[in-house]
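Presented below is the structure to which this report refers.
Here is how names work: the chains are called A, B, and so on, in the same order as the sequence lines, proteins then strands, and each is numbered from 1. Bear in mind that the values here come from a model prediction, so they are computed numbers and not experimental data. As a basis for the values below, the full set of heavy atoms in this structure was taken, side chains included, without hydrogen atoms, waters or symmetry mates.
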Number of protein chains: 2
Amino acid sequence: MSDDEKGGAGAAWRSLGDFIRSQRELANLSMRQLAEIAKISNPYLSQVERGLYKPSADVLKNIANALHMSAETMYAQAGLLDDSPDRDESHHGVEHAVKLDPLLTVDQKETIIRIYRSFLGRE
Amino acid sequence: MSDDEKGGAGAAWRSLGDFIRSQRELANLSMRQLAEIAKISNPYLSQVERGLYKPSADVLKNIANALHMSAETMYAQAGLLDDSPDRDESHHGVEHAVKLDPLLTVDQKETIIRIYRSFLGRE
DNA sequence: TGCTTGCGCTAAGTATACCAAGCACATGCT
DNA sequence: AGCATGTGCTTGGTATACTTAGCGCAAGCA
């Protein structure tokens, strides 16, 4: 279904472009598809994902909408929102969210967390 | 794009420029003072307040900080925040946290999300 | 074997966000 | 009268966001 992530382990995105690219691949969209929805040209999206250009907030909003995510999340990733100092930084969002999920059983939670930790390479 | 934002029901400000100008005057700051604090040139601030240019999110954030207001408020006034998010229940917890995790690869995220959905019974 | 269609990327140009220098008019001081 | 210093604004240029045309490659199909 989806192509392999080249380069292997370590998906920590160094920039906004990496973030957008990972979100786009997660949504199984090609560059031209996402560019069409976000109303930008596909070469420009290419440059943005490669970190060559930093898109304006308007474009950022369109991309966020196209990826079904809130504009705030996008702006936060772009570093445009960091004036509010009080951010409730729960360290591991995944484990926290899993533990709080009301639809999972205890065993299912343990399974997911175990898989998650194995992916991170720590026991 | 839309240069005339009409139809804003009850909007006290015709445009973003008017909003900034009123906030600046409310803070008893001259253009040069605000421009200095916001790290932009005063002619540019003049153009912005007169609605000739639409500032980037970066500048918007600086102006908001200089006026001691949150960047979100500024973005909302600039019309950069009014996305229409579908109220998808998958956005709430686990899937959202997984997608935003910076340490997982795209494939790992897809794996975890697939397991999570299978646990919920909705493939 | 070719033709088509999809992909991401490059190159070159246009539009616009943004800055430095300076204008025109006020006010205050001597 | 002069000369400072303040205000907002205009002009001309530079940096950068963004687009249109097209390249090279891989996969499907005649």
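- Residue Ser46(B) has its side chain nearest to dT10(D) when only dT10(D), dT10(C), dT7(D) are considered.
- Between the CD1 atom of Ile63(A) and the P atom of dA17(D) there is a distance of 13 Å, given to the nearest Å.
- Along DNA chain D, the nucleotide closest to Leu52(B) and the one closest to Leu52(A) are compared, and the more 5′ of them pairs with Leu52(B).
- Atom-to-atom, CD of Gln33(A) to C1' of dT5(C) comes out at 13 Å; the value is rounded to the nearest Å.
- Interatomic distance, Ile113(B) CD1 to Ser118(B) OG, rounded to the nearest 0.5 Å: 12.0 Å.
- Atom NZ in Lys39(B) sits roughly 12 Å away from atom P in dC19(C) (whole-Å rounding).
- With dG8(D), dA17(D), dC19(C) as the candidates, the nucleotide lying closest to the side chain of Tyr44(A) is dA17(D).
- Distances from the side chain of Val59(A) to the nucleotides dC18(C), dC18(D), dC9(D) place dC18(D) closest.
- When rounded to the nearest whole Å, the span between CG of Asn28(A) and P of dG6(C) equals 17 Å.
- The backbone N or O of Ser30(B) lies less than 3.5 Å from a partner atom in the side chain of Gln33(B), making a donor-acceptor pair.
- With values rounded to the nearest 0.5 angstrom, Met69(A) atom CE is found 8.0 Å from Gln77(A) atom CD.
- In this structure, Glu49(B) atom CD and dT7(D) atom P are separated by 13 Å, rounded to whole Å.
- Comparing dA11(C), dG8(D), dC18(C) by their nearest atom to the side chain of Arg21(B) picks out dG8(D).
- For Arg50(A), the listed nucleotide lying nearest its side chain is dC9(C); candidates were dT10(D), dC9(C), dG8(D).
- Among the nucleotides dT11(D), dA17(C), dG8(C), the one closest to the side chain of Ser30(A) is dG8(C).
- What separates CE of Met31(B) from P of dT5(D) is a distance of 22 Å, to the nearest Å.
- Closest to the side chain of Arg32(B), from the set dA21(C), dT7(D), dT20(D), is dT7(D).
- Leu60(B) has its CG atom 16 Å from the C1' atom of dA17(D), to the nearest Å.
- No more than 12 heavy-atom neighbours from other residues, nucleotides or ligands sit within 6.0 angstrom of CD on Glu36(A).
- Nearest to the side-chain atoms of Gln47(B) among the listed nucleotides dC18(D), dT10(D), dT10(C) stands dT10(D).
- Checking Tyr53(A) against Ser41(B), the closest nucleotide of DNA chain C that is more toward the 5' end is the one next to Tyr53(A).
- Distance CD1/Ile20(B) to CE/Met74(B): 3.5 Å, rounded to 0.5 Å.
- The base of dC9(C) sits with one of its N or O atoms less than 3.5 Å from a complementary donor or acceptor on the side chain of Asn42(A).
- Atom-to-atom, CD of Glu36(A) to C1' of dT19(D) comes out at 14 Å; the value is rounded to the nearest Å.
- For Ser56(B), the listed nucleotide lying nearest its side chain is dC18(C); candidates were dC18(C), dC9(D), dG8(C).
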